[in-house]
Amino acid sequence: MTKEKFEEIYRRHYPAMYRLARTILYDADDSKDVVSEIFARLLRGDVVPLDDKLEGFLMTSVRNRCRDVLRHKGVRECVEKLYSSEIRQNQVVPINDDDRLERLMLFVETELPPLSQQIFQLRFLREMTYEEVAQAVGVSRVTVYHRLSQSLQRIKEYFETAK
């Protein structure tokens, strides 16, 4: 894609994409980040939409990325609330975040099958979508979902018994 073509696409579609992201996220900075990510993928050539489907592709990409952002925020907020309530109730002895992360990664590397390890790392460390993980690994989205569900259940059980 030429620089001129990219600039034309950017000028023509950025306002609508930003408005959609802002409507979904209610946050100016997150909205700008979402739209910028999509344009960065387009510029890198990660995606090559057809010219007659460009607007639909861009708007769908914004919607999907906003959903990912909201899902990520929701999970994060939920975990933070649970963790803070457990600390207040003295049910959890706070330990260093680095130690927890190290224990988690050690568990993933030693206890999960290779495909599950790869899927876990792509989804949570590289923050890829289920679709992106499925394409990268060469399996279906359903397989990605099932492997992640199983992995998370095993991780949960391990850390509950390790308290």
Side-chain angles (χ1 to χ4, degrees), residues 1-3 5-82 97 100-101 104-159:
M1 173 178 304
T2 66
K3 181 180 177 183
K5 176 77 172 165
F6 178 81
E7 287 176 359
E8 181 215 333
I9 292 169
Y10 183 86
R11 274 189 250 106
R12 192 160 101 216
H13 295 283
Y14 182 90
M17 292 168 68
Y18 175 76
R19 277 192 306 276
L20 177 60
R22 185 71 194 259
T23 300
I24 296 170
L25 298 175
Y26 300 107
D27 184 282
D29 291 335
D30 284 344
S31 298
K32 288 176 186 174
D33 289 345
V34 163
V35 176
S36 294
E37 274 181 46
I38 293 164
F39 278 115
R41 289 181 63 206
L42 190 63
L43 187 60
R44 281 192 311 261
D46 292 350
V47 291
V48 183
L50 301 172
D51 286 337
D52 61 333
K53 308 253 189 226
L54 180 64
E55 184 175 2
F57 168 80
L58 293 173
M59 298 306 273
T60 300
S61 296
V62 168
R63 185 194 70 216
N64 291 341
R65 185 63 189 125
C66 286
R67 285 181 180 170
D68 290 343
V69 168
L70 289 173
R71 191 176 314 117
H72 182 70
K73 278 185 176 182
V75 168
R76 182 195 216 154
E77 288 171 3
C78 204
V79 168
E80 287 172 357
K81 282 181 189 176
L82 286 171
D97 285 343
R100 275 193 300 218
L101 183 58
L104 171 64
M105 293 313 297
L106 181 63
F107 179 83
V108 168
E109 292 169 2
T110 58
E111 299 297 323
L112 296 181
L115 180 61
S116 295
Q117 288 178 32
Q118 187 179 14
I119 289 171
F120 182 89
Q121 291 171 347
L122 291 173
R123 177 70 181 114
F124 294 112
L125 299 180
R126 298 206 34 219
E127 297 182 354
M128 295 171 80
T129 65
Y130 282 85
E131 183 66 36
E132 291 169 334
V133 172
Q135 289 176 356
V137 178
V139 297
S140 70
R141 282 189 357 212
V142 173
T143 300
V144 170
Y145 175 80
H146 286 298
R147 289 289 184 131
L148 283 174
S149 295
Q150 291 168 354
S151 298
L152 292 173
Q153 184 61 38
R154 288 185 64 190
I155 290 167
K156 180 181 175 186
E157 289 168 1
Y158 170 77
F159 280 97

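Side chains are part of it too, since the values below use all heavy atoms of this structure and drop only hydrogens, waters and symmetry mates.
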About how many Å separate NZ of Lys5 and CG of Leu42, when rounded to the nearest 0.5 Å? 10.0 Å
Check whether more than 12 heavy atoms from other residues, nucleotides or ligands sit under 6.0 Å from atom CD of Glu55, and answer yes or no. no
A quick test of your reading: do over 12 heavy atoms of other residues, nucleotides or ligands sit less than 6.0 Å from CZ of Arg44? yes
For the pair Ser116 (side chain) and Leu112 (backbone), establish whether a donor and an acceptor sit closer than 3.5 Å, ignoring hydrogens and angles. no
Does Val34 form a side chain to side chain contact (heavy atoms under 4.5 Å, CB included) with Leu25? I'd like the steps, not just the answer. CA-CA 10 Å; Val34 163; Leu25 298 175; 3.9 Å; yes
Test: Arg41 and Glu37 ion pair at under 4.0 Å: no
Between Leu58 and Ile9, is the side chain to side chain contact (heavy atoms under 4.5 Å, CB included) condition met? List the steps. CA-CA 10 Å; Leu58 293 173; Ile9 292 169; 4.1 Å; yes
First locate atom OH of Tyr18, then atom OG1 of Thr23, and finally report the distance between them rounded to the nearest 0.5 Å. 9.5 Å
Less than 3.5 Å apart, any donor N or O on the side chain of Arg154 or Tyr158 sitting next to an acceptor on the other? no
For Val35 and Ala21, work out which heavy atoms get closest and say how close. CG2-CB, 4.3 Å
For the atom pair CD1 (Ile38) and OH (Tyr14), what is the distance rounded to the nearest 0.5 Å? 11.0 Å
Rounded to the nearest 0.5 Å, how far apart are OH of Tyr26 and SG of Cys66? 11.5 Å
Could you verify whether a donor N or O on one side chain and an acceptor N or O on the other, from Glu131 and Gln135, lie under 3.5 Å apart? yes
Classify the angle between the aromatic ring planes of Tyr130 and Tyr145 as parallel (below 30°), tilted (30 to 60°) or perpendicular (above 60°). tilted
Could you check whether any side-chain N or O of Thr60 sits under 3.5 Å from a backbone N or O of Gly56, counting only pairs where one atom can act as donor and the other as acceptor? yes
Hey, are the side chains of Pro113 and Arg147 touching, using non-hydrogen atoms and a 4.5 Å cut-off? yes
Rounded distance (nearest 0.5 Å) linking atom CG of Asp30 with atom CZ of Arg22: 10.0 Å
Does any non-hydrogen side-chain atom of Met128 lie less than 4.5 Å from one of Arg123? no
Checking Arg141 against Val133 for the side chain to side chain contact (heavy atoms under 4.5 Å, CB included) test, could you report, in this order, the C-alpha distance in whole Å, the side-chain angles of both residues, the deciding distance, and whether it holds? CA-CA 8 Å; Arg141 282 189 357 212; Val133 172; over 6 Å; no
For Thr129, does its backbone N or O pair with a side-chain atom of Glu132 as donor and acceptor, under 3.5 Å? yes
Decide yes or no on side chain to side chain donor-acceptor pair (under 3.5 Å) for Glu157 and Gln153, but give the supporting numbers first. CA-CA 6 Å; Glu157 289 168 1; Gln153 184 61 38; 3.0 Å; yes
After noting the C-alpha distance and the side-chain angles of Arg11 and Phe6, does the key distance pass the side chain to side chain contact (heavy atoms under 4.5 Å, CB included) rule? CA-CA 9 Å; Arg11 274 189 250 106; Phe6 178 81; over 6 Å; no
One should read off an interatomic distance between Arg63 CZ and Asp68 CG, to the nearest 0.5 angstrom, of 11.0 Å
Using a 4.5 Å cut-off on heavy atoms from C-beta on, say whether the side chain of Leu152 contacts that of Phe120. yes
